[in-house]
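Below is one structure; the comments refer to it alone.
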Amino acid sequence: MVSARDSRPTGRSDGPRSDGARPDGARPGDGSPGARVLVASNRGPVSYTREDDGSLTARRGGGGLVSGLSAVDDKLWVCAALGDGDREAVRRGVGEPGVRMLDIDAGTYADAYNGIANSVLWFVHHLLYQTPLEPVFDAEFRHRWASFERYNRAFAEALAEEAGPGAAVLVQDYHLALVPGMLRALRPDLRIGHFSHTPWAPADYFRLLPDDIAEQLLRGILGADRAAFLTRRWADAFTGCCERVLGGTGDTRIGVHGLGADGDFLRRRAHEADVDERMAALREQIGPGRRTIVRVDRTELSKNIVRGLLAFRELLAERPQWRERLVHVAFAYPSRQDLAVYRDYTAEVRRVADDINTKFGTDTWTPVVLHVEDDFARSLAAYRLADVALVNPIRDGMNLVAKEIPVVSDHGCALVLSREAGAYEELGGDAVVVNPYDVSATAAALHEALMMAEDERAARTERLAAAAVALPPQQWFLDQLDALRRG
Ligand code: G6P
């Protein structure tokens with residue numbers, strides 16, 4: 001899921017398993033038939049932290065893939081060890097049934113994840129480069145690319161080893177773009193799917209990449225029987241790149257599966273006691289009788305948090321009637337802080353928020369309430385009390401926050417939505433739609449959303465919520481599996 005994760009401790013694991021079994025229960029070469037459904041992603045469903053006393057604490061992640069996969073038995077999730085705690089868990093043989101974590105050399109991993117996946121592929125698909133100075137494809141890039149290939153190969157080999165005959169393997173995202181092709185060469189019997197959770201770049205932008213790299217990436221994904229995307233727009237962009245670079249998509253089928261919100265889970269979770277507590281605390285910070293504009297994101301360059309703040313500032317400057325009467329609740333949770341550009345962006349978010357509070361704030365009113373520590377219960381609390389939800393990404397695969405807020409909103413919520421979010425395809429008709437670069441238009445859209453008549457807002461929220469849960473995660477996953485097997 002694209003929104004904040006509901007990470008919760010699942011208990012402590014203190015030592016190695018006495019039987020020496022792998023976490024998934026299978027032993028290499030033990031003649032076990034192998035898994036029938038496999039999923040591969042960089043980030044797995046669980047991660048470990050090493051405590052001061054040497055024990056390991058496990059945390060479960062939430063999100064679309066976790067709930068989606070719960071619909072299937074006899075499955076194996078292959079993921080990377082992301083940090084020291086995870087590596088230690090692998091070395092001690094600690095793990096969860098159905099999960100195999102790959103302990104890839106830390107330097108190789110850092111080059112692949114930070115150096116290529118997050119700094120190059122993410123930037124290409126979200127159009128994030130400041131092109132006069134970047135990207136630079138030099139010898140250093142080639143060195144990191146070799147790591148990216150090794151990291152993808154580690155996944156392909158693990159999947160080849162674990163998959164039962166004719167098993168279905170669902171490979172996730174840009175990190176693992178080379179895996180389908182590599183796996184196909186190792187195990188021609190498998191049904192291989194690839195799913196992109198991001199947008200796909202338009203061909204002209206994709207061709208910033210060196211020609212051989214562009215070709216390798218596309219051929220990697222086309223190693224799959226089926227390549228699927230969150231929206232028709234991203235699927236068409238991929239097809240367009242394949243046509244320009246390779247002359248077509250060959251035998252690979254292209255699919256679209258628009259992941260929806262998990263309505264049942266959200267409605268239940270949003271009414272637990274910790275969420276009520278957070279609502280009370282937030283109401284206190286907001287102050288009585290005030291309206292709210294809510295946003296919840298990772299502090300992610302593509303989420304456009306800074307322009308959202310600038311639009312709020314312009315609203316206060318141009319329409320003084322909102323001063324003292326409105327609060328922008330902005331949750332910007334830490335993300336990819338190993339990258340300097342993300343740290344700088346986080347600092348800029350804070351700077352602009354402080355600037356607004358200094359310029360407009362009074363003794364009794366703080367215009368921007370900014371929180372930067374991840375707290376899922378508090379996110380749900382903000383969802384429930386939002387008058388306006390601001391979702392203005394530069395470009396986004398789907399954006400589940402846009403879907404989640406209408407589902408849990410207590411009294412209806414107007415959605416200001418970027419036309420560059422994947423969610424726009426499904427929700428655009430009932431949202432107030434913005435060009436994410438146009439700060440003045442965003443300020444005007446916020447005003448329009450705040451002024452929306454209550455019955456209109458309620459009716460739109462109802463339609464937005466219905467559209468948002470049309471394809472819940474379990475069905476989303478099962479549809480992909482069926483389509484892959486049918487092929
Ligand atoms: C996006 C990607 C996911 C990724 C997530 C969080 O949604 O599509 O693959 O897991 O962002 O990013 P991170 O780098 O923290 O895993």
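We count ligands from 1, going down the list as the structure has it; atoms in each ligand are counted the same way.
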**Q.** Any Q172 heavy atom less than 4.0 Å to ligand 1
**A.** no

Q.
Measuring from non-hydrogen atoms of H175 to any atom of ligand 1, is the shortest distance under 4.0 Å?
A. yes

(Q) Show, in sequence, the C-alpha distance, side-chain angles and deciding distance for D86 and R43, and conclude whether the salt bridge (Lys or Arg N to Asp or Glu O under 4.0 Å) test is met. (A) CA-CA 11 Å; D86 288 354; R43 184 179 289 279; over 6 Å; no

Q) So do M101 and L82 actually touch side chain to side chain, heavy atoms under 4.5 Å? A) no

Cut-off 3.5 Å, side chains only: do [X] and [Y] have a donor facing an acceptor?
X: S302; Y: E300; value: yes
X: E51; Y: T57; value: yes
X: T346; Y: R343; value: no
X: D103; Y: Y109; value: no

Q) Hey, is Y342 touching ligand 1 through its side chain, its backbone, both or neither, going by heavy atoms under 4.0 Å? A) neither

Q) Considering only heavy atoms, which of L400, D173, L230 lies nearest to atom 3 (C) of ligand 1? A) D173

Q: Run down the list Y113, W122, F195 and name the one with the heavy atom closest to atom 14 (O) of ligand 1.
A: Y113

**Q.** R43 neighbourhood, listing ligand 1 atoms whose heavy-atom distance to it stays under 4.0 Å
**A.** 13 (P), 15 (O), 16 (O)

Q. Which ligand 1 atoms are under 4.0 Å away from a heavy-atom of H197?
A. 8 (O)

Q) Does the N or O separation between Y174 and ligand 1 drop below 3.5 Å for any pair? A) no

